[in-house]
Engineer: 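What follows is a structure written as C-alpha cells; I'll ask about it next.
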Amino acid sequence: MKRIKKQSFMRRISLYMALLILISNLVTFLFAYIFFYQTIYENGRDAGKNMLTANLQIVDLYFRQIDQIADAIIYNESVNNVLKAETDISSNMQVLKSIEQIYYHSRDDLRIIFYKENSPRNAYSIYTKNDYETIANFKAGHWYEQLKISGQRKVLLTNIHSEEQIGGGDFVHSMIYRIDDLYGNRPVGYLRIDMDLAKLQERLMLDYVGVEGVEILSENGGVLFSTGEEMNLPGYLAAEELEPGVIQEISTRETFLYYGVSEETGWIVAVGISKEDLYHREITIGFLFLTVLFLTLGICLTVVDRSSELLHRNMSRLTDGMNAIKQGDLEIQVNADADDEIERVIINFNEMAKQIHELVGKIEAKQALLSEAQIKALQQQINPHFIYNSMETLIGMASEGMDREIIEICKCISAMLRYNTKMAQSSTLKEELTQIQNYTKVLAIRMGGSFEPRYQIDPECLDGKIVKFSLQPLVENAIGHGMGNRSEGGVVYVGISRYGKEVEIRIRDNGCGISPVKLARLREQMLAEGENYLQMMENSSNTGLLNVHLRMKLYFGQAYSMDIQSEMGKGTDIRLVIPYWKEGMECIGS
C-alpha cells in the first residue's frame, strides 16, 4: 500500500480501475456459475418452445398456402363449367392444361387431380399425358362419405395406399376439397391436391443449438416424417386431446421434448433439444469467458500503465510550463509526446501562452505609444516657426500702423496658447473647431489672403468628443504643404457632419496634392499593425498626419477610420469617421 501511495495520482487511478474491473468480472462470473444449470434449463426451454412455435407456424402456413391455391381453382368459373359438363370436350380439357401451366412450374411439390360428380370412375389429372384416367368408383372411398355426410369443405388424407395413387410417385398425403356449383348448393366435383412433404421438411427450423430432431405425427399417431435422430415419442400423445397452439413439455434426463398440435392439420409436431449439447456449449463459453477476461485484463493493465506514464509525463511538462509563466517566462512552449487529447490541451496552452505574450507586448507598446504620442502632440501644438513668423508679422504690422490686425492676431494666439496648456487628452469638436479657426485666421492675415478657409459645420455634433489637437495638424498640412506655392486662389475646406451614430470630418484643399508613391507609402503606414508605431513615426515624413491617425485609433479603436484621396495638381481630401460620443455616454474606444 505504501508503494501505491508513492505512485502518481493518474497511476493510482489506473491501478484502482484495473483492480475494480478484475473484481467485478470475477464476481459476475461467480454468480453466473452459481446459476449455471438454471440458466441452461431456461435456455433449453426457451429454445425448444421458440423452435416448436416456429415449426408449427411453418406447417400451418404451408397448408394455408395450399388452401389459397385450392380457393383460386374452386372459384374459377371455367373449372366449375368443366366439372358440370356432361361430356368431355377438348376446350374443357384445355382449361385443365392452363391450370397446369400456372401451378406445376411454380409448385412442383403439389399434384392436382379433379373428380367429376357425374363421372365417378374418371380422374382428371393435369400431370398425365391422357386427359383422364379410369379409376375405381371414388364414391366408394371413405373420404367421399366423410365429405358428403359431415358437410365438411375439405378432408386431409395421410399415408394413402398405393392403389389410390394416380400416376404413381411418392405423393402419399393429400387434401381433398369439395367443389360446389357457383350458382347452386349441389357439389359438381372434387379437387385433390397431393403433397410432397419433403418440401415442407426443408422449410422446418433446425438451426437451434442442441437440436436432436423434429418429428411430425398424424392425428392417428403414425409418423409422417422425422428429421434428425428418432425421438421415440410416447404413443399416448395421439390419444391426448391437445389444444392447437398450446405447447406441452416432456423433460427426460437427456432431452427436453416439446410438442404441439397444428391448427390446420391436427398433426403433432415435436422438437427435441439435447441437454448434453447445451451443457457442453455453456461450459465451453464459461472457460472462453475466463480466458478472454484474463487476457483482456492483462492487455488493459499494460495499456493503462503506458497511457498513465505518458499522461503523467505530459502533465508534468504542462505543470512546468504553467510554473514558468507564473515566474514571468511568457515565451515558454511545451512539447507533447502523443497525438491525442493531451496534445490538443498542450497546443492550446502553447497558443494561450503565445497570445498572452503578444497581448502583454501590445499593451506595453500601446501605453508607451500613447505617452510618446501625447508628448509629440504637445510638441507640435505650437510650431516654433509659426510663433516666430507670427511675431515677425506683428512687428511689420506695427511699423505700418495696422493696429486692428495686430489685436486680432494677438487674440487668436492667446486663445491657442490657452487651449494648448490644457493637459486633457480629449476635447470637444466645438473646442477643436475654434482652435482651427484661430489658426487659419492668423495664417490668412499673415499670408495676405493667398487662401480662403471655408466651413460647413453641423451644430448637432459639436458636443461630441475628439482627441485633443487632432484636426489642427491636418489643417496645417493642408495649408503648409498644399498651399505653399500658391499666391492666391487657395481654398481650405473643413466639414463636420453627423450621420446617426457616426461623425464625418472632411479636410480638403485645392493645393498641389500628394504624389502616388508617397500616398501609397502613407496608406501602407496607416494600415500597419504591430509594436513599431514609434519607429514608424520616426521614419515617416508625415509625422503630424501619422501621429493624429495613431492617437485617434488608440482612442476610438475599431470605430475610427481615415481615408486619404489626393491627385497631383488638384489637391488632397482627408476623410475621418469617428463615433458620436459625448460626456456621459459609455466609452467605445479600445
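Index from 1, following the sequence.
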Engineer: Any side-chain to backbone donor/acceptor pair from Arg523 onto Gln525? Under 3.5 Å, distance only.
Structural biologist: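 Not at all, since once roles are kept as given, no pair shorter than 3.5 Å links the two residues.
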Engineer: For Gln435 and Phe469, which heavy atoms make the closest approach, and how far apart are they?
Structural biologist: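 The pair with the smallest heavy-atom distance is NE2-CE1, 3.6 Å.
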Engineer: Got a second to check how far Arg551's CZ is from Phe556's CZ, nearest 0.5 Å?
Structural biologist: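 Those atoms lie 11.0 Å apart.
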Engineer: Taking the side chain as every heavy atom from C-beta outward, state whether Cys512 and Met568 have any pair of such atoms under 4.5 Å apart.
Structural biologist: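 Answer no - side chains too far apart.
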Engineer: Report the distance from atom OG1 of Thr428 to atom CG of Leu433, rounding to the nearest 0.5 Å.
Structural biologist: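 Answer for the OG1-CG pair, Thr428 versus Leu433, is 9.5 Å.
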Engineer: Mark yes or no: Arg454 above the aromatic ring of Tyr493, with NZ or CZ under 6.0 Å from the six-membered ring centre and no more than 45 degrees from the axis.
Structural biologist: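 No cation-pi geometry.
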Engineer: Let me confirm one number: the CD1-NZ distance from Ile407 to Lys411, rounded to the nearest 0.5 Å.
Structural biologist: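 Answer rounded to 0.5 Å: 6.5 Å.
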Engineer: Determine the minimum heavy-atom distance between Cys461 and Ser497, stating which atoms define it.
Structural biologist: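 That closest heavy-atom pairing would be SG-C, 4.3 Å.
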Engineer: Please report the interatomic distance CG(Leu519) to CD(Glu524), rounded to the nearest 0.5 Å.
Structural biologist: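 Here the rounded value is 12.0 Å.
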Engineer: For Val494 versus Ile457, what's the shortest heavy-atom pair and its separation?
Structural biologist: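 It is O-CD1, 3.9 Å.
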Engineer: Does Leu443 reach the side chain of Ile479, with side-chain heavy atoms less than 4.5 Å apart?
Structural biologist: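 In short, these two side chains touch, coming nearer than 4.5 Å.
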Engineer: Tell me, do Tyr62 and Leu204 make a side-chain contact under 4.5 Å, heavy atoms counted?
Structural biologist: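 No, too far: nothing below the 4.5 Å cut-off.
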Engineer: State whether the side chain of Asn510 and the backbone N or O of Val491 hold a donor-acceptor pair below 3.5 Å, judged by distance alone.
Structural biologist: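 Side chain of Asn510 to backbone of Val491, a donor-acceptor pair under 3.5 Å: yes, one is there.
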Engineer: Check the angle between the aromatic planes of Tyr555 and Trp581 and answer parallel, tilted or perpendicular using the 30° and 60° thresholds.
Structural biologist: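 Tilted.
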Engineer: How many angstroms lie between atom CE of Met552 and atom OH of Tyr560, to the nearest 0.5 angstrom?
Structural biologist: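 Met552 CE to Tyr560 OH: 5.5 Å, rounded to 0.5 Å.
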Engineer: Ignoring hydrogens and geometry beyond distance, is a side-chain donor-acceptor pair present between Asn55 and Gln57 at under 3.5 Å?
Structural biologist: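 There is no such pair (donor and acceptor under 3.5 Å, judged by atom type) between the side chains of Asn55 and Gln57.
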Engineer: Looking only at heavy atoms, what is the nearest atom pair of Phe451 and Thr440, with distance?
Structural biologist: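 Heavy atoms of Phe451 and Thr440 come nearest at CZ-O, 3.8 Å.
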Engineer: Other residues, nucleotides and ligands only: do more than 12 of their heavy atoms fall within 6.0 Å of CD on Glu452?
Structural biologist: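 Count over threshold, so yes.
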Engineer: Please evaluate residues Arg508 and Ile574 with respect to the criterion side-chain contact (heavy atoms from CB on, under 4.5 Å), reporting the C-alpha separation (whole Å), side-chain torsions for both, the decisive distance (0.1 Å), and the verdict.
Structural biologist: CA-CA 6 Å; Arg508 187 169 63 243; Ile574 300 177; over 6 Å; no
Engineer: Can you check side-chain contact (heavy atoms from CB on, under 4.5 Å) on Leu474 and Glu476, steps first, answer last?
Structural biologist: CA-CA 5 Å; Leu474 303 182; Glu476 182 180 353; over 6 Å; no
Engineer: Quick check for you: to the nearest 0.5 Å, what is the distance between Leu429 atom CG and Ile466 atom CD1?
Structural biologist: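 Going from CG on Leu429 over to CD1 on Ile466, the span is 4.5 Å.
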Engineer: Check whether Ser414 reaches the backbone of Cys410 with its side chain - one donor and one acceptor, N or O, closer than 3.5 Å.
Structural biologist: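 Side chain of Ser414 to backbone of Cys410: no pair is present.
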Engineer: Report yes or no: does Glu432 contribute a side-chain atom to a donor-acceptor pair with the main-chain N or O of Ser470 at less than 3.5 Å?
Structural biologist: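 Side chain of Glu432 to backbone of Ser470, a donor-acceptor pair under 3.5 Å: yes, one is there.
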Engineer: With a 4.5 Å limit on heavy-atom distance, are the side chains of Lys465 and Tyr580 in contact?
Structural biologist: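 They are not in contact (no side-chain heavy atoms under 4.5 Å apart), so the answer is no.
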Engineer: Any chance you could lay out the side-chain contact (heavy atoms from CB on, under 4.5 Å) test for Ile564 and Leu522, step after step, and finish with the verdict?
Structural biologist: CA-CA 9 Å; Ile564 303 176; Leu522 180 60; 3.6 Å; yes
Engineer: Within the structure provided, determine whether Arg575 and Ile505 are in side-chain contact (heavy-atom separation under 4.5 Å).
Structural biologist: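 Contact flag for Arg575/Ile505 side chains = no.
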Engineer: What are the two closest non-hydrogen atoms of Gly513 and Thr572, and how far apart are they?
Structural biologist: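 Of all heavy-atom pairs spanning Gly513 and Thr572, the closest is CA-OG1, 3.6 Å.
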Engineer: Return the minimal non-hydrogen interatomic distance between Leu576 and Met562, and the atom names on each side.
Structural biologist: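 In this case the closest contact between Leu576 and Met562 is CD2-CE, 3.8 Å.
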Engineer: Taking the basic N atoms (NZ, or NE/NH1/NH2) and the acidic carboxylate oxygens, is any pair closer than 4.0 Å for Lys582 and Asp463?
Structural biologist: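 Between Asp463 and Lys582 there is a salt bridge, with a charged N closer than 4.0 Å to a carboxylate O.
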